[in-house]
Amino acid sequence: MTMLRTSVIKASRLPATTRSFSSSLRVFAGETGSGASRPGGSRSGDAFTKRETAAEEMYIKQEERARLLAIRHKLQQQQQHIEELTKHIDEVTKQEGGQGEHPGESKP
C-alpha cells in the first residue's frame with residue numbers, strides 16, 4: 001500500500017522545469033515601467049506628467065477630427081449619389097409619361 005501511495009504522489013507532482021515559484025515574480029504598484037498611476041492622481045503630477053497628458057489629449061482630438069472629416073466626406077459622396085439617382089428616376093418617369101401613368105392608358 002505504501003508503494004502505491006508514493007507512486008501516486010510522484011506521478012501527481014509537476015516536473016521541476018514546469019514549476020513556477022511565486023518568489024521569483026514580484027510586481028509592485030508604482031514600479032518604473034509598470035504603468036501604474038501615481039498615488040495622488042494626475043493632479044499631483046509634475047510638469048512632465050501634465051505635458052504628457054496634454055499631448056495625449058491633443059492626439060485624441062486630432063484623431064477624432066480626422067474621423068469626423070472622413071465621415072463628412074463620405075456623407076457628401078452619398079448625398080451626391082442620391083441626387084444622381086433622383087435625377088435618373090425623374091428622367092425615367094418623364095420618358096414613360098409621368099408618375100404612375102403607363103403608356104397607352106387614357107386620362108379620365
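The line from CD1 of I71 to CG of L75 is 9.5 Å long, rounded to the nearest 0.5 Å. Interatomic distance, Q76 CD to H81 NE2, rounded to the nearest 0.5 Å: 16.0 Å.
Here side chain to side chain donor-acceptor pair (under 3.5 Å) pairs that include residues 60-75, with residues two or more places apart or in two chains, are H73-Q77.
Remark: the D90 side chain and the T93 side chain contain no N/O donor-acceptor pair separated by less than 3.5 Å.
Contact between D46 and T49 at its shortest, heavy atoms only, is OD1-OG1, 2.8 Å.
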